[in-house]
Protein chains: 2
Amino acid sequence: MSSSVQKHDVFQAIADPTRREVLRLLAEKDLPISEITSHFPISRTAVAKHLQVLSEAELVSGRKVGREKIYRLHPEPLTELKDWLSYYEKFWENKLSILKHIVENPSMKVNISDETDKD
Amino acid sequence: MSSSVQKHDVFQAIADPTRREVLRLLAEKDLPISEITSHFPISRTAVAKHLQVLSEAELVSGRKVGREKIYRLHPEPLTELKDWLSYYEKFWENKLSILKHIVENPSMKVNISDETDKD
DNA sequence: TTGACATGAAACCAAAAGGTTTTATATAAT
DNA sequence: ATTATATAAAACCTTTTGGTTTCATGTCAA
């Protein structure tokens, strides 16, 4: 059986602020667990668990070097998030362009209704 | 100074697959709770709680119409996610450009390991 | 006015999440 | 060889999460 169990997905993985901060750190450079831990007020064990979750989402990978385990960022799974987001982009981009239009035409009369139907 | 408590943020809100599905439904049109519930195998109460979480993240809003409560998508907070993502885009875009380089140079020797295989 | 309906609110529950402490093991340094 | 370092693994704890059931309330329809 291949590595497809994926107990944690990318949406879950980035839900926790500590894990997002871990990703930030690893974006700069590969780091061992102890180094990562030094940036947080929690125990090394807790950080290791966060790394486990990130690892299951395949956002990071760890290799053992001597007695250290060096973690590396693996950003590819974030494309799933990007794809998910792209579905909604049209919505707010639309609203932003309406706003832009209003701002650029100060003499406009603006009527904002609360109606459901948009087509 | 009104709705700024924000117990749930957008990252947490989208972490749950049911809530993501709710957003999809609301992307098509405004819906009352009972309608939304009919798309899931869980109770109306459970759906209402998911809507509460989405509402705290300001991703949806509900208005009462008669005896129904109609929910509407409010996609603007997703920009926070987009902004967060943009920080990491350069990483995988960089990898894509490496891939492009390989494709455009057919004489290159390429060694691809299979260890990160996903299905 | 009497049901049927749509929701709200509260109490409850099991499992997961996020954390800790303790114990063990491998590697590095002296 | 001994000790310090870096991690792993396991047991345990508390709070949150995602769900349920039950009961109450407001509104629509006959």
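What you see is a predicted model; the values in this text were computed from it and never measured.
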Assess the side chains of A:Glu76 and A:His74: does a donor N or O sit below 3.5 Å from an acceptor N or O?
yes
Considering all heavy atoms of both residues, which atom of A:Pro77 and which atom of A:Leu59 are nearest to each other, and what is their separation?
CB-CD2, 4.0 Å
How many whole angstroms separate atom CD1 of A:Ile70 from atom P of C:dT27?
15 Å
Report, as yes or no, whether the 6.0 Å neighbourhood of atom CZ on B:Arg24 holds more than 12 heavy atoms from other residues, nucleotides or ligands.
yes
So if I take every side-chain heavy atom of A:Ser34 and compare against D:dA6, C:dG19, C:dT7, which nucleotide ends up nearest?
D:dA6
If you compare every side-chain N and O of B:Lys69 against the phosphate oxygens of C:dA6 (OP1, OP2), does one of them come in below 4.0 Å?
no
Please state how far atom CG in B:Asp16 lies from atom P in C:dA15, giving the value in whole angstrom units.
18 Å
Separation of D:dT5 C1' from A:Ile33 CD1 (nearest whole Å)
13 Å
Which is more 5' along DNA chain C, the nucleotide nearest B:Pro32 or the one nearest B:Thr45? Just name the residue.
B:Pro32
Look at the side-chain N and O atoms of B:Gln12 and state whether any lies under 4.0 Å from the OP1 or OP2 oxygen of D:dT16.
no
Could you go step by step and tell me if B:Asp30 and B:Lys69 meet the salt bridge (charged side-chain N to carboxylate O under 4.0 Å, His left out) rule?
CA-CA 10 Å; B:Asp30 297 3; B:Lys69 189 161 184 185; over 6 Å; no
Looking at C:dT7, does its base get a donor-acceptor pair with the side chain of B:Arg67 below 3.5 Å?
no
Would you say a side-chain N or O of A:His50 is under 4.0 Å from OP1 or OP2 of C:dG19?
yes
Given D:dA8, C:dG18, C:dT7, which nucleotide is nearest the side-chain atoms of A:Arg19?
C:dG18
Closest to the B:Arg44 side chain, choosing from C:dT27, C:dA9, D:dA10
C:dA9
Spell out yes or no: do the side chain of B:Lys49 and the base of D:dT20 have one donor N/O and one acceptor N/O closer than 3.5 Å?
yes
Can we say B:Asp16 and B:Lys49 salt-bridge, meaning some charged N sits less than 4.0 Å from an Asp/Glu carboxylate O?
no
Just how far, in rounded Å, is C1' of D:dT17 from CD of B:Gln52?
14 Å
Within this structure, what is the CZ-to-P distance between B:Phe40 and D:dT20, rounded to whole angstrom?
13 Å
A:Arg20 has an atom CZ; how far is it from atom P of C:dG18, in whole Å?
11 Å
According to a strict under-4.0 Å criterion, is B:His8 in side-chain N/O contact with OP1 or OP2 of D:dT16?
no
Atom CZ of B:Phe11 and atom P of D:dT17 are separated, to the nearest Å, by 16 Å
Would you classify B:Ser43 as touching base, sugar-phosphate or nothing, given that sugar-phosphate means primed atoms plus P, OP1 and OP2, and contacts are heavy atoms under 4.0 Å?
base
Separation of atom NZ in B:Lys64 from atom P in D:dT25, rounded to whole Å:
14 Å
